Amino acid sequence: MALQLHNSLTRRKEEFTPLEKGRVGIYVCGPTVYGHAHLGHAKSYVGFDVLVRYLRYLGYHVTYVQNITDVGHLTDDADAGEDKIAKAAARERKHPMAVAEFYTRSFFEDMDQLNCVRPDISPRASGHVIEQIELVRTLLDKGHAYEVNGSVYFDVATFKEYGKLSGRNTEEMVAGARVEPSPDKRNPVDFALWKKAEPNHIMQWPSPWGMGYPGWHLECSVMAMKYLGKTIDIHGGGLENQFPHHECEIAQSEAANNAPFVRFWLHNNMVTVDGQKMGKSLNNFITLKQAFTGSHERLTRYYEPLAIRQLVLNSHYRSPLDFSDAALYAANSGYQRIAETVKDLRKRLKAAPEGPMDEDVAGQLEALKTRFEEAMNDDLNTSVALSVLFDLVRVTNTLAAAGSATGSTLGAVDDLFTRLGGDVLGVVKSEYAETAGGNDEAVGKLVAILIDQRAAARKNKDFTTADAVRKRLDEAGIVLEDTPQGTQWRWK
RNA sequence: GGCGGCGUAGCCAAGUGGCCUAAGGCGACGGUUUGCAAAACCGUUAUUCCUGGGUUCGAAUCCCAGCGCCGCCUCCA
C-alpha cells in the first residue's frame, strides 16, 4: 500500500503522489516569535517532522519550508489590535527585531532538542515584504482587492471558492461574527492584505499605498510560492489556522495565480494540559524549556525532550493530545525502555561473535518493518509504528538474554532501530552517552567510589551496608543495577 | 448562535462493519532470575468499547436520541 494522507480539503484519506516525480515540496506554518515555544509547538512540529522524515525514508527528495513570523500581526482583526511582537518589544524594552531574533534562536534550540530536522528554508516574513507588496499589486490589478485609506483588502466576493477548506459559507460567518466589522471593508468577511501604519507603529514599510505593514495571511502565500512554486504538494499547520488563515491563503494565492495553491492540506490537532486548553490565565501554559527542566508547578520532574517527542508520537497527529504529568511520566518510562535496550544492544554488538545472520530473526525483522510501513502509510499512524518499535525491543532483549547472537544478526537489529526508530520516528539516538553521567564526570567518579564500597560489603556478605548504599543513592536519584558485567548506574 | 471533533482497561492510546472473546505503552499483581533488588523475560490485568434505542446474518465501528468533554468561529502550533 502506498502512502495515504488525510487531506483536509476533501476530508478524506487520499493516496499521496507529488506533482513532480520523486520530489516533494512541503510548507508548514511556523511560529510567531514573541515568546518561548510551548507544548503546542512540540505536537505540531514533531508531527510534521515525522512526515518529512518518512517521505525521505520513502526516497523522496523533500524541500521543507517553515516560515518564521517576525512581523507582528494584529492581536485581533479590528483596527484597534496590537502587534504581538511590538507588544513583547515594549515589555522587554528591546527592538522588535531583537525580540524576534531572540525567540527565533530559542525556537531552533527547542526544536533541536526535540530532534526535529531543521527545515531546508526558514524564511522570515520581514525579509519578504517586497514580494508581499508585489502580491497585493497583482490582486489589485486583477480586481480581487481594493484600497481604502492606505489599507488594501481582499474582496472575498470575487473569489467564489472562499470557504472550501473550512466548510463555511460567508453568510453564516457574517451572522455569527463576534468582532465588529471594520467600516472600511466592503464586506465584513473581507480581510486585510496591507494595513496602513499609524506613525507610532514600530514596524512599517513604504508601499504604493503609503507606510504600512503586511496583513497576516500574506506572508505564507508569498513564501510558499516563492520557494515551492504556484502549486505546492503539502501545506501543514495547526487546526486552529484552518480558518481563517489557510482559507485566506488559498483565496489570495489562487486568485493571483489562477492555479491550485495546495494539493494536500494537513492539519494537526490541538494540545490541552490537564484536560484544558493551554492558556496563560489558566496557569497551565508550559514552555518546552520548562518541561525539559521540570520548572513548572504542574510537573513533578524534568522530562527528556525525546520522551516528550515520544508522547506526541504515541497518539495520532489528528487527535487532540492532553499533556499531563502522568502521561509525560509514562512516556518517559517507555522512552527509557527503548533507549536502554538500544544502548545494551550496541554494547553487545561490539563484542559479538562473527557468524551468519539468524534466518529466524531476519524473518521477524522483515515482518516488523512491513507492519511499521503499513502503519505509517495509513496517514502516519505513529501510535502503531511505536508499538512496532516496542515489539522490536522485546525481540532484542530476548536475543540478548540468549547471548549467542552473531554480529550480523545484532547488526541487522541495530540497523532496524536506526532506520525506523531513528531516521523516521526520531526517538532513537544515533549515539548515546557512554555512561549515564557522561556529561558529569565528577558524579561518575563519586558514584564509582560508592559502587566499589558496596561491592566490598557484598563480598563480605554485609548486605545491610550494601543495601544502605543502594538505598541512599536511589534517594539521590541514582539507580544501581547488578549485572553479570558488574554494577551499572543510571539516573532515575 | 453557527461549524467541527471526541467519549475504548487504574492512566495514555490504536482500531471505525466479520481477522476484535479489542494493538502497544505506563502502572499494578504473580512467576523466572537475584543475597535482596533493579533491569530483562514469561504470565495476569476491558466477554467489552459513555447511556438507551435502531439497522444488519454480524457493530467499539453505521443510524437516531440522550449525557459528558473539547476545539474553531478574534491572534494562537
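Fair warning: this is a prediction, and the values are worked out from it, not measured in the lab. Chain A is the first sequence line, chain B the second, and so forth, proteins listed ahead of strands; every chain is numbered from 1.
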key: No-H, no-angle donor-acceptor pair, A/R458 side chain to B/G35 base, under 3.5 Å   = yes
request  = Give none if B/C20 has no partner; otherwise give the nucleotide forming a Watson-Crick or G-U wobble pair with it, both distances under 3.5 Å.
outcome  = none
request  = Give A/N397 one of three labels, base, sugar-phosphate or nothing, depending on what nucleic acid heavy atoms sit under 4.0 Å from its own.
outcome  = sugar-phosphate
inquiry  = What's A/S319 touching, base or sugar-phosphate or nothing? Going by heavy atoms closer than 4.0 Å.
reply    = sugar-phosphate
Note: A/D274-A/R298 ion pair, threshold 4.0 Å (strictly below) = yes
key: Check: A/F107 ring centroid to A/Y45 ring centroid under 6.0 Å   = yes
request  = Can you figure out which of B/C76, B/A23, B/A39 approaches the side chain of A/E240 most closely?
outcome  = B/C76
Any strand: nucleotide that pairs with B/C41 via Watson-Crick or wobble, under 3.5 Å = B/G31
task = Let me know the distance between CD of A/Q242 and P of B/G4, rounded to the nearest Å.
result = 12 Å
query = Checking all strands, does A/G47 fall into the base, sugar-phosphate, or nothing category for heavy-atom contacts under 4.0 angstrom?
reply = nothing
request  = Could you let me know what B/A65 is paired to, Watson-Crick or G-U wobble, both distances under 3.5 Å, or none if it's on its own?
outcome  = B/U51
query = With rounding to whole Å, what would you report as the distance between B/A39 and B/A46 at their C1' atoms?
reply = 29 Å
query = A/V393 side chain: which of B/C41, B/G27, B/A77 is closest?
reply = B/C41
task = Look at all strands and tell whether A/L480 reaches a base, only sugar-phosphate, or nothing, counting heavy atoms closer than 4.0 Å.
result = base
request  = Assess whether side-chain contact (heavy atoms from CB on, under 4.5 Å) is satisfied between A/D110 and A/K289, documenting all intermediate values.
outcome  = CA-CA 7 Å; A/D110 293 341; A/K289 285 179 165 58; 2.8 Å; yes
request  = Can you tell me the distance, in whole Å, between the CG atom of A/N314 and the P atom of B/G24?
outcome  = 13 Å
query = Between A/Y317 and A/F48, what is the ring plane arrangement, given parallel below 30°, perpendicular above 60°, and tilted in between?
reply = tilted
inquiry  = With hydrogens left out and only the distance checked, is there a donor-acceptor pair under 3.5 Å joining A/D322's side chain and the base of B/C69?
reply    = no
key: A/H217 and A/H245 aromatic ring geometry - parallel, tilted or perpendicular at 30°/60° bounds   = tilted
Closest to the A/H38 side chain, choosing from B/A14, B/A77, B/A13 = B/A77
message = Any base atoms under 4.0 Å from A/D344, or only sugar-phosphate, or nothing? Heavy atoms, all strands.
response = nothing
task = Check every atom of B/A23, B/A38, B/C73 against the side chain of A/V384 and return the nucleotide holding the closest atom.
result = B/A23
key: A/Y45 ring over B/A77 six-membered base ring, under 5.5 Å and 30°   = no
message = Counting the atoms with a prime plus P, OP1 and OP2 as sugar-phosphate, which does A/K277 contact under 4.0 Å by heavy atoms, base, sugar-phosphate, or nothing?
response = base
query = Using a cut-off of 4.0 Å on non-hydrogen atoms, how would the nucleic acid contact of A/G334 be classed: base, sugar-phosphate, or nothing?
reply = sugar-phosphate
query = Ignoring hydrogens and geometry, is there a side-chain-to-backbone donor-acceptor pair from A/S44 to A/G40 under 3.5 Å?
reply = no
ask   = Of the candidate nucleotides B/A14, B/A38, B/C36, which contains the atom at the shortest distance from the side chain of A/R470?
value = B/C36
message = Quick check: on RNA chain B, is the nucleotide nearest A/K13 upstream (toward 5') of the one nearest A/C29, or the reverse? Name the residue that is more 5'.
response = A/K13
request  = Answer with base, sugar-phosphate or nothing: what part of the nucleic acid does A/N381 contact at a heavy-atom distance below 4.0 Å?
outcome  = sugar-phosphate
key: Residue from A/R11, A/E249, A/H267 passing side chain to side chain contact (heavy atoms under 4.5 Å, CB included) with A/L165   = A/H267
request  = Identify whether any heavy atom of A/V271 sits under 4.0 Å from a base atom; if not, whether one sits that close to sugar-phosphate; answer base, sugar-phosphate or nothing.
outcome  = base
query = Reckon A/F463 touches a base, only the sugar-phosphate, or nothing at all at heavy-atom distances under 4.0 Å?
reply = base
key: Atom C1', compared across B/G17 and B/U55: separation rounded to whole Å   = 12 Å
Heavy-atom donor-acceptor pair, A/R337 side-chain to B/C26 base, under 3.5 Å = no
query = Using a cut-off of 4.0 Å on non-hydrogen atoms, how would the nucleic acid contact of A/H245 be classed: base, sugar-phosphate, or nothing?
reply = nothing
task = Pick base, sugar-phosphate or nothing for A/R454, based on heavy-atom distances below 4.0 Å to the nucleic acid.
result = base
request  = Establish whether the base of B/A23 is bridged to the side chain of A/S383 by a donor-acceptor pair shorter than 3.5 Å.
outcome  = yes
remark   = Ranking A/F390 and A/A326 by the position along RNA chain B of their nearest nucleotide, the one closer to 5' is A/A326
